[in-house]
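Keep in mind that what you see is a predicted model, and the values were worked out from it rather than measured. Letters A, B, ... mirror the listed sequences (proteins, then strands); counts begin at 1.
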Amino acid sequence: MTLLQHDRGETSADRARARSAQGRPPSRRGSSASADDWRRRGEVLLLVTPALLLFCCFVLLPVAQAAYYSVWSWNGLTPLEDFVGLDNYREALGDPVFRGAIAHNFWIVGLSLLVQLPLGLGVALLLNRPMRGRALLRMLIFVPYVLAEAMAAVIWLLMLQPDGFMDAALESVGLGRAVQLWLGDPGVVMVTMMVVLTWKYVGFAIILFLAGLQGIPPELHEAASLDGASWWQAQRAITLPLLGPTIRIWAFLSMIGSLQLFDLVWIMTGGGPANASSTMATYLISQGFERFRYGYGSAVAVVLFAISLVVALLYQRFVLRRDVADRLGGRRR
Amino acid sequence: MTGRVSRTFAVGVALAVVAVTLAPVAYAVVSGFRTTGQLAADPVALPDPWVLTNYTSVLTSSSFWRMTLNSTLIGVVTTALVVVTGVMAAYALSRYEFRGREVLYTLFTLGLLFPLTVAILPLFLLLRDLDLTSSPLGVALPQAAFALPMTIVILRPFLRALPDELEDAAAVDGCSRLGFFWRIALPLSMPALVTVGVLAFVASWNAYMLPLLVLDQESAYTLPLGVATFSTQYTQDTAAVLAFTSMAMLPALLFFLLAERRIVGGLTGAVKG
């Protein structure tokens, strides 16, 4: 009833809209359609403008500015007057510290996939069965993911202090010889980072895979077991293929996250010791922000973006495209 | 593998995963009840005796409550901004035909490719020029802007899935398009709105890099920033740092316990979208 009384001015146009949708052309169709057109445009403008404004001011503009600043030598205070062309890029790509940071990012990308995929998948498969307390279990597994990276970093930083919790715990179970300078040894620090990152993010993979598994109709597994398939056969023939899209998108999110890693490293090591754990983002902040090299830092930001973009596009081109094709096929059905 | 053995195995794995998952969190919370002397003497032990002073001094410190307030304020403003502007844009992008619609949608999805990191230096300069460096808005506005692409990507398929018949029926009953948005689409998409809201709030609550660069006064600090700063200021007092960290993470964890299904639903929704 309230619907009927709403917005008197629009009823005729909308009735026309409804009528024409039923394939019965109204007599005044031409003029009412064009009036409706203008109204429609106004509505679109009204709906889209706030988001577009926010997006342009605080995403597109600063990104464009980063590209612009990257060809200047600039401390962020004086007018832009020292145009240096591509020198910032040359310096960045020639700097062994930045090249090391890029290598660290790719090491994290690769190892995150290699470690978290089997681990997450294995745990998810095991937990995907009726089990008392499973809801609680899912919540607990999710705790590290939802915890702020900064707070996780502080806790791990303290646990990994020499003669701290980790060292003492290892000694108490007879693994005292495994003790390292977890964050102080340039040869060890990246491995430590990977352990902490796995702890922080494997829960995300598990929960995502579990959700994907629960989207698989149980009838498929019932049919498979009726046909005499073992648990393993059913996982291989049914679960994994159907989980494919979830896995591929998880991998995408994981890769993009790895390329932008900052909080954890910044707090735990600041990129050290001797730049052994620097990432592109920590390099950007320490060069651009702490040393007031806004032009140079912007060039680093552009390189970071370009690398992320290339990875994302390649991945979408060669991996995700299949899912899109599958989905389109499904829609046509 | 018989059912019973594999079940026992599954339970064992589940317990091991939970133990590893919770160990650092439990370490922080329990160590907060010890003194730094106890921690140094034996890092792996229960409090003996249990000490409450670390926690009471956090709870009575004005900076802790101010940071909690700052984090909450920034989170709420970020969430409100992104949900309101996001659902409006997503509605236009899903239920209107207009020229440039796909271009606009692509523009927003392009935002998924721009991490905040890329824009962080110009953002800092922009916010400095706007004199927002000690204001919650200085953090909330960019956060909302960077959360928009994800929000629109999640909401658009949801809004698009509302049956056309529903809109036709509403139109026959005299409901305008905006009326349909306000009276029917919004209530029906409430679950999706709560989901994107929760995702935006959690991201804001946990954010570190942007507050680190933007907020120049300690009175404006958020909890993650405060915890990290506190840990470098009081490196000698491990127990105090852990108590502070525990108190700072508890609200988020409680909130998350209430919203776990939303977060998971949102993440899988984003994946499917």
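- Across Leu141(B), Thr238(B), Val17(B), the residue that shares the most heavy-atom pairs under 4.5 angstrom with chain A is Leu141(B).
- For the pair Phe165(A) and Leu39(B), the minimum side-chain heavy-atom distance is 4.5 Å or more.
- Ranking Ala152(A), Ser230(A), Ala312(A), Gly164(A) against chain B, the residue ahead of the rest is Gly164(A), based on heavy-atom pairs under 4.5 Å.
- If you measure heavy-atom distances from Val118(B) to chain A, the contacts under 4.5 Å come from both the backbone and the side chain.
- In plain terms, the two heavy atoms of Leu140(A) and Thr21(B) that are nearest each other are O-CG2, 3.3 Å.
- With a threshold of 4.5 angstrom between heavy atoms, Leu223(B) approaches chain A through its backbone and through its side chain.
- Chosen from Leu126(B), Leu225(B), Leu107(B), the residue pairing most often with chain A at heavy-atom distances under 4.5 Å is Leu107(B).
- For chain B, no part of Leu45(A) is nearby; none of its heavy atoms comes within less than 4.5 Å.
- Closest of all the heavy-atom pairs between Asp263(A) and Met209(B) is OD1-N, 3.9 Å.
- Going from atom OG of Ser172(A) over to atom CG of Asp42(B) covers 9.0 Å, rounded to the nearest 0.5 Å.
- For Phe124(B), the part lying under 4.5 angstrom from a heavy atom of chain A is the side chain only.
- Considering only heavy atoms from C-beta on, Phe305(A) stays 4.5 Å or farther from Thr117(B) through its side chain.
- Between the OH atom of Tyr27(B) and the CH2 atom of Trp156(A) there is a distance of 11.0 Å, given to the nearest 0.5 Å.
- Annotation: the span from Met159(A) atom CE to Ser31(B) atom OG amounts to 9.5 Å, rounded to 0.5 Å.
- Contacts of Phe201(B) classified as ring pair (Phe, Tyr, Trp, His ring centres under 6.0 Å), with partners at least two apart in sequence or in another chain: Trp205(B), Phe255(B).
- Counting all heavy atoms, side chain and backbone alike, Ile267(A) lies closest to Ala228(B) at CD1-CB, 3.8 Å.
- Contact of Ser298(A) with chain B is made through backbone and side chain together, with heavy-atom distances under 4.5 Å.
- Your options are Ala90(B), Pro115(B), Ser231(B), and the one with the most heavy-atom pairs under 4.5 Å with chain A is Pro115(B).
- Contact count against chain B (heavy-atom pairs under 4.5 Å) is highest for Val146(A) among Leu147(A), Leu259(A), Val146(A), Val123(A).
- Proximity of Leu47(A) to Phe181(B): side-chain heavy atoms (C-beta onward) are separated by under 4.5 Å at one or more points.
- Between Leu46(A) and Leu178(B) there is a side-chain heavy-atom pair separated by less than 4.5 Å.
- Neither the backbone nor the side chain of Arg101(B) comes within contact range of chain A; no heavy atoms are under 4.5 Å apart.
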TODO: Please report the C-alpha distance between Val59(A) and Leu110(B) in whole Å, then the side-chain angles of each, then the deciding distance to 0.1 Å, and finally whether the side chain to side chain contact (heavy atoms under 4.5 Å, CB included) criterion is met.
DONE: CA-CA 10 Å; Val59(A) 178; Leu110(B) 264 185; over 6 Å; no
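- Side chains of Glu149(A) and Tyr208(B): no donor on one and acceptor on the other come within 3.5 Å.
- A distance of 11.0 Å separates CG of Leu253(B) from CE of Met139(A), quoted to the nearest 0.5 Å.
- In this structure, chain A has heavy atoms under 4.5 Å from both the backbone and the side chain of Leu123(B).
- In this structure the side chain of Pro122(B) never reaches within 4.5 angstrom of the side chain of Tyr294(A), judged on heavy atoms.
- Counting heavy-atom pairs closer than 4.5 Å to chain A, the top-ranked of the candidates Pro149(B), Ala119(B), Ala207(B) is Ala119(B).
- Between Phe244(B) and Val154(A) the shortest side-chain heavy-atom distance does not fall below 4.5 Å.
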TODO: Would you check, one step at a time, whether the test side chain to side chain contact (heavy atoms under 4.5 Å, CB included) holds for Val44(B) with Met166(A)?
DONE: CA-CA 8 Å; Val44(B) 191; Met166(A) 187 59 79; over 6 Å; no
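- Both the backbone and the side chain of Val143(A) come within less than 4.5 Å of a heavy atom in chain B.
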Task: Steps toward side chain to side chain contact (heavy atoms under 4.5 Å, CB included) verdict (Leu121(B), Leu284(A)) - done: CA-CA 9 Å; Leu121(B) 296 178; Leu284(A) 190 165; 3.9 Å; yes
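- When the candidates Thr49(A), Leu52(A), Leu309(A) are compared by the number of heavy-atom contacts under 4.5 Å with chain B, Leu52(A) comes out ahead.
- Counting heavy-atom pairs under 4.5 Å between each of Val84(B), Leu242(B), Leu213(B) and chain A puts Leu213(B) at the top.
- The shortest non-hydrogen separation linking Ile155(A) to Ala28(B) is CD1-CB, 3.7 Å.
- Shown here for Pro224(B) and Met151(A), the closest heavy-atom pair between the two residues is N-CE, 3.9 Å.
- At a 4.5 Å heavy-atom cutoff, the contact between Ile120(B) and chain A is made by side-chain atoms alone.
- Counting heavy-atom pairs closer than 4.5 Å to chain B, the top-ranked of the candidates Leu313(A), Asp167(A), Leu61(A), Leu126(A) is Leu126(A).
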- [ ] Any chance you could lay out the side chain to side chain contact (heavy atoms under 4.5 Å, CB included) test for Phe98(B) and Arg41(A), step after step, and finish with the verdict?
- [x] CA-CA 8 Å; Phe98(B) 58 94; Arg41(A) 266 172 222 172; 5.9 Å; no
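- Of the two parts of Ala169(A), the backbone and the side chain both hold a non-hydrogen atom closer than 4.5 Å to a non-hydrogen atom of chain B.
- Scanning all heavy atoms of the two residues, the minimum distance from Arg128(B) to Gly76(A) falls at NH2-O, 2.9 Å.
- Residue Val13(B) touches chain A through its side chain alone, counting heavy-atom pairs closer than 4.5 Å.
- Heavy atoms closer than 4.5 Å to chain A are found in the side chain of Leu148(B), but not in its backbone.
- Between Phe146(B) and Phe58(A), the gap from one ring centroid to the other reaches at least 6.0 Å.
- Looking at Leu125(B), only its side chain comes within 4.5 Å of chain A, counting heavy atoms on both sides.
- Contact tally against chain B (heavy-atom pairs below 4.5 Å) for Leu53(A), Leu304(A), Val302(A), Leu158(A): the top residue is Leu158(A).
- With a 4.5 angstrom heavy-atom cutoff, Thr245(B) touches chain A via backbone and side-chain atoms both.
- For Tyr69(A), the part sitting under 4.5 Å from any heavy atom of chain B is the side chain, from C-beta outward, and nothing else.
- Only the backbone of Cys57(A) comes within contact range of chain B, judged by heavy atoms closer than 4.5 Å.
- In this structure, the portion of Leu127(A) lying under 4.5 Å from any heavy atom of chain B is its side chain and not its backbone.
- With a 4.5 Å cut-off on non-hydrogen atoms, Asp163(A) touches chain B through its backbone but not through its side chain.
- Proximity to chain B is limited to the side chain of Phe262(A), based on heavy atoms less than 4.5 angstrom apart.
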